[in-house]
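Shown next, in structure tokens, is the structure this report addresses.
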Amino acid sequence: MNSTVWFLTSNQGKLAEAAHHFANIGMVVQALEVPDGAIVEPQASDLETVAEAKLRQALAHLPHEGALVMVEDAGLFVEALDGFPGVYSSYVHETVGNQGMVRLLEHLQSDDPVMAKRLRAASFHAVAALWDGERILFGRGECKGSIASEIQGDAGFGYDPIFIPADLDDDGESLTPDVLGVVSTHGKTFGAVGVELKHRFSHRRRALEDLMRQFPPQGTER
Ligand code: ITT
């Protein structure tokens, strides 16, 4: 039974979150090791194209025949910046970092907290691409929210300390950042709440769920 997913990623935070998610459905995640320089990330305007291109290159490095291989590409899309940094999220994080993002949005302030959240609206998007041995499946997830006016917390990774998720409604769906819901971080960033609560909102969890809806996990007909 094929219950190991080989995840091509250099990001330990993403690896840990995916492992946590797959453990819930009885599957194991292992990092797919490839030689340095083996994977070239294309310049593309959408996450799907990037994920698919990386996955196709990863197929040359299967750990064994029939292995399940996954790539997952995520980005932070800020409304007031027309979706920037989006597909450039890694580069922006490596260069200006969270402090730079906070500075970039410094002018978007309001005494009205609802208006402030609207002005600073952003979302995480994730696209997971899985090679199931025969074809490539895609899963997509989004998490709405807003960018904090200062760095908050040191849990998680990447942009977690500046991203405040929007509350969730009864069905677990993201509301707009200015609406109160039944699940809330009460204005705290992902970096201040930790991984368990992040998981309930997470774009990554949603993308992996979307992916696994298309893939019969262990114990079913596969
Ligand atoms: P791989 O491509 O090797 O998997 P990466 O770190 O480049 O690793 P992404 O392209 O998916 O991963 O992510 C783009 C940037 O967005 C990068 O700086 C991440 O740290 C950040 N990011 C992705 N998911 C995130 C999340 O759930 N929380 C905070 N930041 C995240």
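As the structure lists them, so they are numbered: ligands from 1, and atoms in each ligand from 1.
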So, is Ala74 polar-close to ligand 1, with some N/O to N/O distance under 3.5 Å?
yes
the protein heavy atom lying closest to atom 6 (O) of ligand 1 turns out to be Asn11 ND2, 2.9 Å
Under 4.0 Å between a Lys/Arg side-chain N and an Asp/Glu carboxylate O for Glu79 and Arg118?
no
So does Lys14 have more than 12 non-hydrogen atoms from other groups sitting under 6.0 Å from NZ?
yes
What part of Arg204, side chain from CB on, backbone N/CA/C/O, both or neither, has a heavy atom under 4.0 Å from ligand 1?
side chain
What's the separation between atom CD1 in Ile164 and atom OG1 in Thr189, rounded to the nearest 0.5 Å?
7.0 Å
Contact atoms of ligand 1, heavy-atom distance to His93 under 4.0 Å
18 (O)
Using a strict 4.0 Å cut-off to heavy atoms of Thr9, name the atoms of ligand 1 that fall inside it.
1 (P), 3 (O), 4 (O), 8 (O)
Rounded distance [0.5 Å steps], CZ in Phe157 versus CD in Glu17:
4.5 Å
Measuring from atom 27 (O) of ligand 1, which candidate in Glu17, Lys198, Arg205, Glu72 has the nearest non-hydrogen atom?
Lys198
Polar contacts were defined as any N/O atom of the residue lying under 3.5 Å from an N/O atom of the ligand; does this apply to Glu41 and ligand 1?
no
Show the atoms of ligand 1 that are less than 4.0 angstrom away from any heavy atom in Asp160.
26 (C), 28 (N), 29 (C)
At what distance is the nearest protein heavy atom to atom 21 (C) of ligand 1, and which residue and atom is it?
Tyr159 CD1, 3.8 Å
Are Val5 and Phe22 packed together at the side-chain level, in the sense that at least one heavy-atom pair is separated by less than 4.5 angstrom?
yes
Side-chain contact, heavy-atom cut-off 4.5 Å: Ser149 with Val102?
no
Looking only at heavy atoms, which two atoms of Ile25 and Met212 are closest? And how far apart?
CD1-CG, 3.9 Å
Which atoms of ligand 1 are found less than 4.0 Å from any heavy atom of Lys54?
2 (O)
Counting C-beta onward and ignoring hydrogens, is there a side-chain heavy-atom pair between His61 and Glu33 closer than 4.5 Å?
no
Pull out every atom of ligand 1 sitting under 4.0 Å from any heavy atom of Ser89, numbered as shown with elements.
14 (C), 15 (C), 16 (O), 18 (O)
Which atoms from ligand 1 have a heavy atom of Lys14 less than 4.0 Å away?
1 (P), 2 (O), 4 (O), 8 (O), 9 (P), 11 (O), 12 (O)
Using heavy-atom distances, let me know which of Phe157, Phe190, Phe7 sits nearest atom 25 (C) of ligand 1.
Phe157
May I ask you to check if ligand 1 and Ser90 share an N or O to N or O distance below 3.5 Å?
yes
Per-atom contacts of ligand 1 with Asp73, taking only distances under 4.0 Å to non-hydrogen atoms
10 (O), 11 (O)
Euclidean distance, Phe124 CZ relative to Phe190 CZ, rounded to 0.5 Å
7.0 Å
If you compare all heavy atoms of Leu168 against all heavy atoms of Arg200, which two are closest, and at what distance to 0.1 Å?
CD1-O, 3.5 Å
Look at atom CG of Asp154 and say whether more than 12 heavy atoms of other residues, nucleotides or ligands are closer to it than 6.0 Å.
no
Minimum-distance protein heavy atom relative to atom 3 (O) of ligand 1:
Ser10 OG, 2.6 Å
Any His203 heavy atom less than 4.0 Å from ligand 1:
yes
